[in-house]
Amino acid sequence: MNLRLHDTATREVRDFVPLEEGKAGIYVCGLTVQSEPHIGHVRSAVNFDVLRRWLTASGYDVHFIRNVTDIDDKILTKSAEQGRPWYNLAYAMHAELTRALASINVLPPTYEPAATGTVPEMIELIETLVERGHAYAAEDGSGDVYFDVRSWPSYGELTRQGIDDMEPAGDADPRGKRDPRDFALWKGWKSSEPESAAWPAPWGRGRPGWHIECSAMASKYLGPAFDIHGGGVDLRFPHHENELAQSRAAGKPFASYWLHNAWITTAGEKMSKSLGNSLLVPSVLERVRGIELRFYMVSAHYRSHVEFSFEALDEAATSFQRIESFLERVPAGVVGDDLVGGSAGSPSTSSHTAQLPESFVAAMDDDLGTPAAVAVIHDTVREGNRLLADGGDATGVAAQVRAMLGVLGLDPADAGWTDGSGAEAEQLRSAVDVLITALLEDRAQARADKDWGRADAIRDRIKAAGIEIEDTPSGPKWSI
RNA sequence: GGUGGGUUGGCCGAGAGGCGAGGCAACGGACUGCAAAUCCGUGUACACGGGUUCAAAUCCCGUACCCACCUCCA
C-alpha cells in the first residue's frame, strides 16, 4: 500500500505521487511571530512533523520548509503598543516558538526562512505579475500594489468559490483597488509606521503583503513546483487561495497537494489571547510533560477538531504512561539502544519500516491515521505485557513499540526529550534514588519480618512524597 | 448569501455498508501479605424522522443543533 493524503484542492484522499521519485518537498505556513505560542499553534507543527517523519520513515528524502512571518500589521500594532521595536518583538516571539516546538520534539525544518529575508524575491515575483497583467500599482499614489483577481479566471479554485459569491471585505479600505476582492502584494509605507519596517521597491518604499511571502519562499527553496503545501484550515482562504493564484499567474505550477489541519478549540471557540495564559505551551507543560502533550495531539486525527480539556489531556498522559511503563519493564539494552534506525542524515532510514507492524504502516499510509496507529501501539504493548507476565522475552516487541513511537516523534529515549535541565535533574534523581533505596531496604526487612504495618507505613510515607512503589520480580521500583 | 466540516458509549477518540478500533474511568476475576503494576473478562454507542438494502453508525431524502472560512488568524 502506498501513502494516500487528503488534498483540499480535490477534496479527496489521493495516492501520494511525488514530482521526483524518492523525494518530497513540503512547505508549511508557520506562525506570525507576534505573541507566545499556545497549544493550538503548535498542533499544526506537530501534525506536519508527523507527516515529515512518516515520509522520511517511508524512505523519502524530505525537504521541509517552514517559514516565519516576521513583519505584518499585527506585529507593527503590538510592538507599538508595547513600546518596542517591531523586529525585537518578532525576534523574541520567534525564540519562544522555537523553544515551544523543541519542547514537544518537533524536528527543526530543513530551513526556516523569514519573510524579511526574502523581500527581493517577493519584489521579483510582483514585477512578474505586473508584467503579465495580473497586478497593478494603485493609482492613488499610496505605493500599494494589488493582485487583480478578475484577471485570473481560476481564482477561487482551491476553495471552490466564485468571486461574485464572496463577501466583499467589510472593513475594506477600497483605496486604489479595482475590485474590493483584490489583495495587497505590496503595501506602501505610511508615515505612521516605523521607517525600519519598509524596504526599497520599484513602487516606492514599503513592505510585503501577507500572501506574497509564502509564494516567494516556497519557490525559492522548493522550486516553482513542489509536492505538499500545509497549514491550518483557516489558511485555506484567503491565504492559500491567494498564494495559489499569484503563483500560477506568475507561471509556477506550485503545490501538488494541499493539506490542512483542524483546530484545537476551547469551550467551543478558537483560542485567543483573551483566554489568558493557561494554554500557552510553557504553562501546559507545568501540568504534563512535553511527550504527553504530543501524545495527546497525535491521538486525534489531524483533520479532526479537538475540543481541548485538561481532563482529556490528563487522560492522554495516563494512557501514554502505560506505554512507557511497558518499555521500562523490558530488560535494559532495548530502551537505551538507538534502534529507531539511523540518526538524521543516515541513508538507511527506510530500513526501520521493516520492523513496523503492517497494521501500523497501513494506518499511517491512510492519510496519516494516527489514531489507528496509536491503537496498534496499545495492542502491541498488551502483547508485550502478556509475554512479560509469562516470563517470555519481550525485547522484540519493545523494539517494535519504540519504532512506532519513533515515527510519531514519541520515543521516550529520543534525544529530543532531554531538556535543558538535564544535568541538574540527573543529580536530583540520583540523590532521590539513594534515599528511596534506603527506605526500600527498611521496607524489605519489615516484609521479611512479616511486619506488614511497618512495611506499609514506609510505602505510604514514600507515596505521600509523590513517589509510587511497584514490586516487580526483580525487586521494587520507584517512579514519580 | 457562498463554501466546507461536524453530532459515536460515563469520558476521550477512530471507523464509513456485514465481525463492538483503541484508550481513560467503572465493575468482576487472576497475581500479591495487602497494594501497585500487569493479564483475563464485563458495554446491546453512533442527533432525530423517513427511505434503499438480505444487512445502515456508514448510502439517499428530510429535520434539528453546532462549528469553521468568506481578505488579521495554526
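Letters A, B, ... mirror the listed sequences (proteins, then strands); counts begin at 1.
Side-chain to base pairing of Asp164(A) with rG2(B): no donor and acceptor N or O lie closer than 3.5 Å to each other. Side-chain N/O atoms of Arg459(A) and base N/O atoms of rC34(B) include a donor-acceptor pair closer than 3.5 Å. For a distance-only test at 3.5 Å, the side chain of Arg447(A) qualifies as a donor-acceptor partner of the base of rG33(B).
For Glu213(A) and Thr69(A), the side-chain atoms include at least one donor-acceptor pair closer than 3.5 Å. Checked by atom type, the side-chain pair Asp144(A)/Tyr146(A) shows a donor-acceptor distance below 3.5 Å.
Atom name C1', nucleotides rA14(B) and rC72(B): the rounded distance is 35 Å, in whole Å.
Arg43(A) comes within 4.0 angstrom of nothing in the nucleic acid, heavy atoms only.
The residue from Arg207(A), Lys190(A), Lys78(A) that alone fulfils the salt bridge (charged side-chain N to carboxylate O under 4.0 Å, His left out) condition with Asp73(A) is Arg207(A). His260(A) pairs with exactly one of His240(A), His6(A), Arg236(A), His229(A) by the side-chain hydrogen bond (donor to acceptor under 3.5 Å, both in side chains) rule, that one being His240(A).
Between Phe48(A) and Tyr302(A), the ring planes lie tilted relative to each other; the angle falls in the 30° to 60° range.
Annotated stems with RNA chain B as a participant read B:1-7 with B:64-70, B:10-12 with B:22-24, B:26-30 with B:38-42, B:47-51 with B:59-63, given as range with range, by first number; only runs of 3 or more Watson-Crick or G-U pairs under 3.5 Å qualify.
Comparing atom distances between the Asp379(A) side chain and each of rG33(B), rG22(B), rA68(B) picks out rG22(B) as nearest.
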